[in-house]
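Notes to accompany the following structure.
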Amino acid sequence: MDILGVDVGGSGIKGAPVNTETGELLTERRRLKTPKGAEPNAVIETIADIVRSFSWHGPIGVGFPGPIKHGVVKMAANISSAWVGLNAAEAIREATGCAVTVINDADAAGLAEVTFGAGKGVKGVIIMVTLGTGIGTAIFTDGKLLPNAEFGHLKIRGEDAETRASDAARQREELSWKKYARRLNRYFREMEKLFWPDLFILGGGISKYHAKYLPLLTVNTPIVPAQFLNEAGIVGAALAARQETR
Ligand code: BGC
């Protein structure tokens, strides 16, 4: 089944139709800038622009940078607080006329990796970590998702982990890969201690540079880059919508 996957990020909103049987994008993805402030109306209009650009009328899956329960945004860390309490699924459906499923962005990326990518067939506990504007996390046991895990907000030395260890923090503070890897090590060591996972998968915008920092990470748990790199969110959002249409 073909579903349009959309990934709402802090800097860009990306979308592409996905073949949910194979995880392949059917065409090149489209990317539009996230409107400044990421206010609901402007973001929803941008999503609708992407949908129109594909002349799409089928189901849509949207990965969103916040915890989502039954379509409703529960918290907003890197987007406008006006989202909190809003039924994003309904609002996007009204703007596009399409059936819409909304899922947390890291949960979406994890679904793609566990179904088709780096976590395929892996037994036990997998933690997907996305490094971008924030830090997103998704936890799976034997392929089953525990939704809305928010461990980008784990407190380390009294600070939100994502404040120091997101890719945005690396860019903002112009950290060398070595310095950044030190922060990531602290974060992954903490996660390791809390969950004892079998595998970490690293995704987000930074995953394409994995050769620069993965060798510097010293946690005991195996840690691999997302096979879909930054496209995991698009593919996983489409998979979430497929689950809902079944
Ligand atoms: C949000 C998460 C999201 C992550 C990555 C965090 O600030 O709270 O829900 O998955 O950023 O976008």
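Note that the coordinates shown come from a computational prediction; the quantities given were computed from them, not determined experimentally. Note that ligands are numbered from 1 as they come in the structure, with each ligand's atoms numbered from 1 the same way.
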Counting each atom of ligand 1 from 1 as listed, which ones have a heavy atom of [X] under 4.0 Å away?
X: Asn78; result: 7 (O), 11 (O)
X: Asn104; result: 2 (C), 3 (C), 9 (O), 10 (O)
X: Gly136; result: 4 (C), 5 (C), 10 (O)
X: Ala77; result: 7 (O)
X: Pro67; result: 9 (O)
X: Met75; result: 8 (O)
X: His153; result: 1 (C), 6 (C), 7 (O), 8 (O)
X: Pro65; result: 1 (C), 3 (C), 9 (O), 12 (O)

Test of proximity, Thr130 against ligand 1: N or O pairs below 3.5 Å: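 N/O-N/O distance below 3.5 Å does not exist for this pair.
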
Do NZ/NE/NH1/NH2 and the carboxylate oxygens of [X] and [Y] come within less than 4.0 Å?
X: Glu173; Y: Arg183; value: yes
X: Glu190; Y: Lys193; value: yes
X: Asp142; Y: Lys123; value: no

Joint hydrophobic cluster, Leu194 plus Leu202, side-chain heavy atoms closer than 4.5 Å: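 Shared cluster, yes.
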
Same apolar cluster (I L V M F W Y, side chains within < 4.5 Å links), Phe116/Leu145: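 No, Phe116 does not connect to Leu145 through the hydrophobic network.
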
Within-4.5 Å side-chain heavy-atom neighbours: Val125 and Ile139: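 With C-beta onward as the side chain, the pair touches.
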
Min side-chain heavy-atom separation Ile13-Asp7 under 4.5 Å: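 No; the side chains remain at least 4.5 Å from each other.
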
Could you find the nearest protein heavy atom to [atom] and give me its residue, atom name and distance?
atom: atom 7 (O) of ligand 1; value: Glu162 OE1, 2.8 Å
atom: atom 1 (C) of ligand 1; value: Glu150 OE1, 3.5 Å
atom: atom 4 (C) of ligand 1; value: Ile135 O, 3.4 Å
atom: atom 3 (C) of ligand 1; value: Asp105 OD1, 3.3 Å

Cation over ring face, Arg170 and Trp177, 6.0 Å, 45°: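 The answer is yes, since Arg170 meets both limits relative to Trp177.
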
Sub-6.0 Å ring centroid separation between Phe195 and Phe151: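 Ring centres of Phe151 and Phe195 closer than 6.0 Å.
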
Asn41 versus Glu45, side-chain donor and acceptor atoms under 3.5 Å: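 Checked: Glu45/Asn41 side chains show no N/O donor-acceptor pair below 3.5 Å.
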
Gly152 to ligand 1, any heavy atom closer than 4.0 Å: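 The answer is no, since Gly152 has no heavy atom less than 4.0 Å from ligand 1.
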
Gly132 touching ligand 1 at heavy-atom level, < 4.0 angstrom: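 Checking ligand 1 against Gly132, which is what was asked, there is no heavy-atom contact under 4.0 Å.
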
